[in-house]
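Following: one structure in structure tokens, then a few remarks.
What you are looking at is a predicted structure, and each value in this text was computed from that prediction instead of being measured. Heavy-atom basis, side chains included; hydrogens, waters and symmetry copies ignored. Read the numbers this way: they start at 1 and go in the same order the structure lists the ligands and their atoms.
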Amino acid sequence: MSTPSDADVRTALSGQTIELPSWAFGNSGTRFKVFSTPGVPRDPYEKIADAAQVNRYTGAAPRVSLHIPWDLVDDYDALAAHARELGVTIGAINSNLFQEDVYKLGSLTHADPAVRAKAVQHHKDCIDVMRATGSTDLKIWLPDGLNYPGQDDIRARQDRLAESLAEIYAALEPEHRILLEYKFFEPAFYTMDIPDWGTSLVHCLALGDQATVVLDTGHHAPGTNIEFIVAQLLRVGRLGAFDFNSRFYADDDLMVGAADPFQLFRIMNEIVAADALSASSGVNFMLDQCHNIEPKIRGQIRSVMNVQEATAKALLVDRDALAAAQRDGDVLGAHGVLMDAYNTDVRPLLAQVRESKGLDGDPVDAFLASGYPEKVADERVGGTQAGWGA
Ligand code: LRH
Ligand code: MN
């Protein structure tokens, strides 16, 4: 990868897209409290309308991922048409196996074949939704795991998981992909059945080419070098997507780049170095966040901007100088090349890229000036606000 020209940098930034999670627009919180806010969407139609606002002002968020059954509707063709009218499309379809009593001791890993069959059928139902919405990504995150040593046989659960995933894989259309997500703890506290990238990769390799790994930036043990995992998954061609967010301690699901902007830069630096920014790379850049206390649409706009800023800095890395310093063993020289890019203020460049697309240079100001938050707070009265625990 040689140093991109200024025009290349602008083209890459102009074409960057980030997928938004429908659930970021609903109420969320912790086990202590799920806060409500005036104007929060009450159904998937209103969630998509809010997501479309993010795309309208950033020009970089043309897809919305759905979560089933949180985004259950009678007519997915109508929902997809609604999205298109607003200038966005339906992205990944997320299954949900973490809110039913029957899955207390597991879902795709459960010892009872009837429970596994129910969980497999849920994914086949999600694939039906994908056929209706034109989605190609089925995202699977399993809450499955153990709380106490001896509670169940770790290896037997892996065998059952592999068997269940194979049934789901067999139901995919040729254009579909499985995005298999891992998480090192929670809701299980002794072991998760897909705790790390290695376990997800082992299952993906066993399934076939349509199975790839999702890297959620909040799902690693503290101190994990996430960009190393990014580089390795890109190297083996199995990085299917990111669930971007940030955290100070656990799976905090805070705005991406808020807690550790340097980490986000290092991650995007591996993406750019591997020429994996473009849509053809097959990497789906998604957000997976909860705006527990802050305004949700503005939080998503800020998050998209944080990814754009980290990406712009990564694109400004002088690749030729970096390669030369690395070749010469010039440790501080090489590190310095990266830090020069990281310490570059890219906000004027991004404002110009937005203006070149006919957008306002500052999406947050433009959104706030629109009066949309006040408008929906007035309109969305009555009904039940969407969200965790709704
Ligand atoms: C699990 C997870 C997963 C989603 C959920 C909303 O922690 O990251 O990606 O299903 O959050
Ligand atoms: Mn996630």
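Remark: K183 engages D251 in a salt bridge, criterion side-chain N to carboxylate O under 4.0 Å.
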(message) Run the side chain to side chain donor-acceptor pair (under 3.5 Å) test on D260 and S246 for me, step by step, so that the C-alpha distance in whole Å, both residues' side-chain angles and the decisive distance to 0.1 Å come before the verdict.
(response) CA-CA 7 Å; D260 190 345; S246 72; over 6 Å; no
(request) Could you walk me through whether H123 and E167 pass side chain to side chain donor-acceptor pair (under 3.5 Å), step by step? (result) CA-CA 10 Å; H123 288 87; E167 276 188 68; over 6 Å; no
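No hydrogens or angles considered: nothing links the side chains of R380 and Q385 as a donor-acceptor pair under 3.5 Å. Judged purely by distance below 3.5 Å, without hydrogens or angles, the side chains of T199 and D196 pair a donor atom with an acceptor atom. Residues Q232 and W197 have side chains that never bring a donor and an acceptor to within less than 3.5 angstrom of each other.
D243 has its closest N, O or S atom to the Mn ion (ligand 2) at the position named OD2. No other N/O/S atom of E181 lies as close to the Mn ion (ligand 2) as OE2 does.
Taking the Mn ion (ligand 2) as the apex, the angle formed with OD2 of D216 and OD2 of D288 is 100°, to the nearest 10 degrees.
At a threshold of 4.5 Å between non-hydrogen side-chain atoms, the residues N225 and R266 do not count as touching.
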Anything under 3.5 Å between an N or O on ligand 1 and a protein N or O? List each pair with its distance, or write none.
{"from": "ligand 1", "atom 1": "7 (O)", "to": "K183", "atom 2": "NZ", "distance (Å)": "3.1"}
{"from": "ligand 1", "atom 1": "7 (O)", "to": "H219", "atom 2": "NE2", "distance (Å)": "3.3"}
{"from": "ligand 1", "atom 1": "7 (O)", "to": "D251", "atom 2": "OD2", "distance (Å)": "3.2"}
{"from": "ligand 1", "atom 1": "8 (O)", "to": "E181", "atom 2": "OE2", "distance (Å)": "3.1"}
{"from": "ligand 1", "atom 1": "8 (O)", "to": "D216", "atom 2": "OD2", "distance (Å)": "3.0"}
{"from": "ligand 1", "atom 1": "8 (O)", "to": "H219", "atom 2": "NE2", "distance (Å)": "3.2"}
{"from": "ligand 1", "atom 1": "8 (O)", "to": "D288", "atom 2": "OD2", "distance (Å)": "2.7"}
{"from": "ligand 1", "atom 1": "9 (O)", "to": "K139", "atom 2": "NZ", "distance (Å)": "3.1"}
{"from": "ligand 1", "atom 1": "9 (O)", "to": "E181", "atom 2": "OE1", "distance (Å)": "2.7"}
{"from": "ligand 1", "atom 1": "9 (O)", "to": "E181", "atom 2": "OE2", "distance (Å)": "3.0"}
{"from": "ligand 1", "atom 1": "9 (O)", "to": "D243", "atom 2": "OD2", "distance (Å)": "3.0"}
{"from": "ligand 1", "atom 1": "9 (O)", "to": "D288", "atom 2": "OD2", "distance (Å)": "3.0"}
{"from": "ligand 1", "atom 1": "10 (O)", "to": "H67", "atom 2": "NE2", "distance (Å)": "2.8"}
{"from": "ligand 1", "atom 1": "11 (O)", "to": "D288", "atom 2": "OD2", "distance (Å)": "3.2"}

